[in-house]
Structure formats: structure tokens, C-alpha cells
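Here is the naming used below: chain letters follow the sequence lines, and residue numbers restart at 1 for every chain.
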Amino acid sequence: MLKFVSAYLALGYLGFATLVIIGLLQSLAAWREIRGLAWLNYEQSPAWRRALGPGIIVVAYGVFFGTWRDLITPGPAGAELMVLFIGSVALALAITLVGAAILHPYHPPTDQAHLPVGVTARPVILEQGQRGLLLFQGDGQTLPPPGPAVCLLTDPSLPASALYPLAGELARRGMVVLRPNWGSDRQRYPDALSLAPLAMNELGRQPFVDADRLALVGVGLGGDLALRAAAGDHQVCAVVALAPLLDEQCACANLGLLCEMTYPQALHWGLGGRRRQLVRQLDALATLGQLAPRPALVLYGSRDPVASQAAVRARLAAAGAHVEVKLVEGEGHLSLPMSPQAAEITATWLLQHLRGASS
Amino acid sequence: MNPDWALFQALNSLAGRWPAFDWIIRFLMNDYAMTTALSALLVALWFRGRTPEERADDQAAVVHTIVALLVASAIVKGMNLMFFRLRPFTAHDGVHLLFYHPSDSSFPSNSVTVAFCFALGVLQRSRGLGIAGIVFGSLLALSRVIGGVHYPLDVLGGALLAAATVLLVRRYRRWLNPLVRGMRRVASWVLLA
């Protein structure tokens with residue numbers, strides 16, 4: 001039976017320990033760059049980065065030990081202190097996560113300002129009423145000559161605008177890009193499998209698309225879908241997956257996600273458990289063998305907290321896949337599709353391999 | 001002369017001379033300051049991993065440390081039932097006591113055992129956090145002797161008991177794999193693993 005001796009002292013200790021843990025979590029957020037715990041943008045304010053966490057801890061110690069006169073009287077014993085400490089960790093985490101979500105949310109780009117000059121974006125409606133966006137070079141009045149085309153499969157948790165840098169770069173380099181919306185109605189297996197064929201059919205109908213030079217590009221969960229779809233569709237000449245998950249374990253929302261997003265966003269990322277199910281059912285790793293001899297590229301950010309590059313290479317090697325793996329320095333899981341470097345690598349690689357396909 | 005008693009006298013003679021020094025010793029030896037700092041190191045270890053693999057190892061070390069802490073506390077309780085050593089301020093006159101009168105056995109020091117379990121458990125995965133833990137634990141041990149509640153042998157015994165327990169748990173850590181997996185699974189339900 002727990003005996004806290006003095007409710008006053010027990011509550012005081014709870015407050016003190018909560019402040020200490022909040023300070024510690026802010027120090028960790030600054031030191032390990034954990035966005036989901038950070039109350040401030042520490043990259044932009046180096047002074048706060050060093051000062052906020054330690055400052056909170058010093059204030060907690062100062063207030064508790066400077067004002068409490070009962071510190072050397074018998075208080076809560078070991079078991080009671082442990083209970084109070086666990087309570088303070090839970091309280092501090094809740095305050096920190098809510099504070100970070102309110103004070104320092106993650107905002108991906110929300111407009112089309114990232115589309116390069118000279119690229120036209122046109123909404124399209126695919127078969128079965130599926131919506132999408134078609135991007136191509138030109139003003140939309142005069143049609144370009146038939147050229148290579150890319151079906152760009154997005155990650156359902158990413159806003160549509162997050163792919164403008166990548167889609168814009170592909171279109172600027174002369175490719176026609178169709179990005180179908182991946183709505184919640186197709187976020188279950190096997191419904192998800194119909195998305196890529198719908199988009200490929202639509203691309204094949206466009207007069208300015210060379211049907212012999214089609215590629216699939218996928219981002220995140222879309223990367224898994226792209227690899228799986230390419231394996232079964234021999235129209236696809238090449239496939240690029242940016243930060244695919246490949247393994248069910250990577251699809252479990254975990255602490256690593258908080259490096260790039262706030263807690264509510266990390267909850268949303270899991271798609272209510274559908275992401276994990278889809279990764280398992282798509283089983284992109286198992287289908288990689290069917291891609292050969294078509295070229296495949298997997299791109300990862302060096303700071304991807306969801307899947308480490310060592311684990312990815314090990315999984316690909318274990319699957320016996322002949323897939324080219326490239327690393328983009330300094331990018332994370334969410335930032336990779338918005339990275340100009342990733343867009344440049346993807347566009348160059350695709351042009352190189354689609355050129356070969358046409359000859 | 002008993003070296004334990006001689007060292008105790010030398011250290012305890014520092015108490016009661018300077019009010020500021022006494023305040024610092026009370027700050028270090030109380031039940032809250034160092035134990036909270038040491039517990040916070042365990043929280044830091046849980047969250048600090050950059051990769052999934054690093055986090056898995058760090059979080060396993062946190063679970064191992066908690067188990068070591070429980071085992072060591074049980075051993076201390078068992079030893080107290082079999083052997084009771086009077087506190088220095090009870091056994092001798094003229095001891096400068098800067099704390100309340102604890103009534104349990106002086107040997108081994110329970111608080112120092114707990115402190116070194118934290119420190120050595122964390123040290124297995126992080127040199128920086130582990131060294132910080134050893135500094136906190138050593139300050140706690142020293143202040144407890146200066147403050148008159150423990151003999152040097154009590155705190156040394158506590159530290160050695162902690163080291164032995166941490167090593168024991170480390171040796172048989174495979175047995176704890178289901179517990180580690182269970183705790184990480186529970187944490188993953190709230191995205192914190």
C-alpha cells in the first residue's frame with residue numbers, strides 16, 4: 001500500500017519532476033532534432049536550442065529546492081516516488097506533445113508555386129471517377145510531341161502539393177506526369193491495386209504520350225504500390241520508388257516519425273492501421289524479382305527515421321532484388337519527395353532509362 | 001582504528017561548519033534531487049536513438065535497468081531482514097546529522113544502490129549519459145556520508161551490489177526478451193517506441 005506521507009510534498013514533487021522531464025524532452029528535441037517534441041524551431045534559433053531545455057530544468061530545481069522547507073523531513077519513500085515519477089513522465093510527455101503540435105506544427109507547401117515556369121497542370125478524371133492531375137511542358141494550347149510519361153503515385157498521408165517539386169521537375173524535363181489522387185476509397189487491398197492501371201490507361205490515351213516509354217514513380221506507400229504494380233504490368237519500362245516502406249515494421253507509426261512530424265500528424269500517417277496492412281498485403285519485396293530486366297531505382301533520404309539505409313539494403317539483398325539504391329543526403333522520409341536533389345536524380349535516371357526503352 | 005569509521009569521521013567533520021556547504025550537502029543527499037536526475041537519464045536513453053535499431057537497443061537497456069533496479073531493491077530488503085547495521089548517528093555520539101533520522105539498516109545504502117543501478121544500466125548504452133549518472137551517484141554517496149546517514153562501507157556496498165545486479169541482468173538478458181518486446185509493444189500503441 002502506497003503512503004505518500006504529505007500530499008503537499010507529493011504534489012510538489014510531481015510538479016517538479018514534470019518540469020524536469022519537460023526540460024529534458026526539450027533538450028532531446030534540440031539535440032536529436034525531434035520535431036514532434038520541439039516547442040520551437042531550434043534550427044532557426046540556436047540560442048533557444050541550447051538554453052530552453054536546460055533552463056526549464058534549472059528553474060524546476062531552483063523553485064523546488066529554493067522554496068520547499070520539508071525536503072529533509074520524511075516524505076514519500078522509494079515506491080511512492082517511483083509512482084510519482086512515472087506519473088510525471090506521462091504528464092510531461094502529454095504537455096510536450098500537445099505543446100509541440102500547437103507551437104511548432106509541420107506545414108508542407110500548400111500552393112502550386114513550386115511548379116516550374118512553363119509547366120501546365122490540368123485536372124483530369126480517370127475511369128471510375130478517380131481524380132488526378134496531369135502535368136506537362138507547354139502552355140496547354142499547343143500539344144507537345146509524343147514523349148515519355150510517368151505515373152506518379154503519392155503517399156496517402158501527403159498533401160497533393162507536396163509532390164509539386166518532383167512532378168514539376170519531371171514535367172520540366174519533358175515528361176508527361178499523371179498523379180492520380182489516392183483517396184481513402186482505395187486505401188485497402190486489393191482496391192489499391194487498381195490505381196496504377198487506371199492511371200496508365202489514362203496516360204496511354206493522351207496524344208502526347210509515347211506508350212512505349214511509360215514509367216511508374218511512387219512516394220512512400222506509393223513507392224510500395226509502384227513496385228508492386230510495375231511487377232505485374234509490362235507496359236512499365238522503369239520504376240522509381242522514393243522512400244518505400246517495404247517492410248510491415250516500417251509502417252508501424254513509431255518514435256522515429258516524431259523526428260519529422262508532430263504527434264497528431266504521426267497518428268494520421270498510420271492511416272488508422274491501414275498503412276501497415278497495405279504494406280504487408282502489397283508485399284513489394286516479394287514482387288521485386290518480377291521487375292527484371294526492367295530497371296528499378298529506390299531512393300532514400302540519409303536521415304529517414306522510418307527505415308534506416310542499412311535495413312533497407314539488407315532487405316533488398318535478402319529479397320535478391322537487382323535494384324539500384326541511391327541515398328539523398330540530409331533528407332528525411334517526408335522531405336525526400338520535396339527535395340530538389342531527389343527530383344533531379346529521379347528525372348535524370350528516368351530520362352536515361354526511358355531513352356533506352358524507346359530505341 | 002576501523003578505517004570505515006575513520007573515513008566517516010573525516011568526511012562527517014566537514015558538516016556543520018559552513019551553512020552554504022551544509023545546504024549543498026542537503027541538496028545532494030535528499031530523496032529527490034539526484035534520484036530524479038538519475039531517473040531522467042533513463043527517460044533520455046529511451047528517446048535518444050536515431051535509428052529503429054538504435055532505439056530498440058536503447059529501450060531494451062531501459063527495461064534491463066528497471067529489472068536490475070527491482071532485483072537490487074529486493075536484495076537490499078532481504079539483506080536488511082538478515083543483517084541490521086545501526087546508522088552512524090545512532091551508534092556514535094557527536095555525529096553531525098544534516099538529514100532526518102532514517103530507521104532502516106545502514107548497510108547497504110538503498111539510495112546508492114538505486115542510483116548506481118540507474119548509472120551503470122545507462123552506461124551500457126551511452127557513455128555520456130552513463131558518466132553523468134556515475135557523477136550523480138557518486139555525489140549522492142559522498143553527501144550521504146558527509147551528512148551523517150551512512151558509513152563509507154554502506155555506500156560502497158550499495159554501489160557494488162548495483163554493479164553486480166546490472167551485470168547479472170546483462171548476463172541473463174535473453175530471458176527478458178519477452179518483457180522487452182511487451183514493453184515496446186505497449187509503447188508503440190502510443191507511438192513512443
Side-chain angles (χ1 to χ4, degrees), chain A residues 9 12-13 16-17 20-21 23-25 27-29 31-34 36-37 57 60-61 64-65 68 71-82 84-86 88-90 92-93 97 249-250 252-259 263 266-267 269-270 303-311, chain B residues 22-56 58-59 66 69-70 72-73 76-77 97-104 110-111 113-114 118 128-129 147 149 184-185 187-193:
Chain A
L9 189 53
Y13 177 75
F16 157 68
V20 169
I21 301 302
L24 174 82
L25 292 175
S27 298
L28 279 168
W31 174 40
R32 305 302 256 192
E33 296 170 356
I34 308 173
L37 296 178
I57 295 172
Y61 270 88
F64 189 63
F65 290 98
W68 233 265
L71 290 176
I72 53 165
T73 60
E80 288 79 5
L81 281 179
M82 194 166 75
L84 288 171
F85 186 80
I86 291 169
S88 71
V89 171
L93 267 171
L97 293 170
Q249 287 309 311
C250 296
C252 301
N254 60 35
L255 202 50
L257 286 177
L258 295 184
C259 293
Y263 194 74
L267 286 175
W269 185 88
R303 295 168 69 182
D304 190 328
V306 176
S308 68
Q309 52 164 314
Chain B
D22 288 352
W23 189 92
I24 292 168
I25 295 300
R26 285 193 181 102
F27 169 77
L28 293 172
M29 74 187 294
N30 69 65
D31 297 332
Y32 314 108
M34 291 299 112
T35 44
T36 303
L38 285 154
S39 310
L41 294 180
L42 219 52
V43 177
L45 187 63
W46 184 276
F47 285 95
R48 71 159 203 147
R50 286 191 197 274
T51 63
E53 296 80 14
E54 202 178 28
R55 275 197 300 278
D58 285 350
Q59 291 167 5
I66 292 169
L69 192 68
L70 296 174
S73 297
V76 170
K77 290 277 180 203
L97 182 64
L98 300 180
F99 205 54
Y100 63 83
H101 288 222
S103 55
D104 52 345
N110 193 8
S111 53
T113 306
V114 167
F118 278 125
L129 293 176
V149 295
R184 294 198 73 225
R185 185 180 297 246
S188 72
W189 291 340
V190 285
L191 313 190
L192 294 176

Nearest-0.5 Å distance, [atom1] of residue [X] to [atom2] of residue [Y]:
X       : Y       : atom1 : atom2 : result
L255(A) : R184(B) : CG    : CZ    : 9.0 Å
F65(A)  : L28(B)  : CZ    : CG    : 9.5 Å
W46(B)  : L28(A)  : CH2   : CG    : 14.0 Å
I66(B)  : M82(A)  : CD1   : CE    : 8.5 Å

Can you tell which part of [X] gets under 4.5 Å to a heavy atom of chain B, answering side chain, backbone, both or neither?
X      : answer
F16(A) : side chain
Y61(A) : side chain
L9(A)  : side chain

Self-check item: Partner chain A: residue of F27(B), W23(B), F99(B) with the largest heavy-atom pair count (under 4.5 Å)
Solution: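 Between F27(B), W23(B), F99(B), the count favours F27(B).
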
Quiz item: What option among L191(B), V190(B), L98(B), N110(B) has the most heavy-atom pairs under 4.5 Å with chain A?
Solution: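 So the answer, after comparing L191(B), V190(B), L98(B), N110(B), is L191(B).
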
Given that the side chain runs from C-beta out, which part of [X] has a heavy atom under 4.5 Å from chain A: side chain, backbone, both or neither?
X       : answer
A187(B) : neither
R55(B)  : side chain
A40(B)  : both

Practice problem: Measure the acute angle between the ring planes of Y13(A) and Y32(B), then classify it against the limits of 30° and 60° as parallel, tilted or perpendicular. | Solution: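 Ring orientation of Y13(A) relative to Y32(B): tilted.
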
Quiz prompt | Student check: side-chain heavy atoms of T35(B) and F85(A) closer than 4.5 Å | solution =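 Not in contact.
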
Quiz item: Heavy-atom distance under 4.5 Å between the side chains of T36(B) and L81(A), does that happen here?
Solution: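 A side-chain contact under 4.5 Å is absent here.
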
Quiz item: For W31(A) and R50(B), which heavy atoms make the closest approach, and how far apart are they?
Solution: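 Distance-wise, the nearest heavy atoms are O-NH2, 3.9 Å.
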
Practice problem: Among I57(A), V89(A), L257(A), L93(A), single out the residue with the greatest number of heavy-atom pairs under 4.5 Å to chain B. | Solution: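 Among the listed options, the one with the most contacts to chain B is L93(A).
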
Quiz item: With respect to chain B, which residue among L267(A), L37(A), V306(A), D304(A) yields the maximal number of heavy-atom pairs within a distance under 4.5 Å?
Solution: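 Option with the top pair count is L267(A).
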
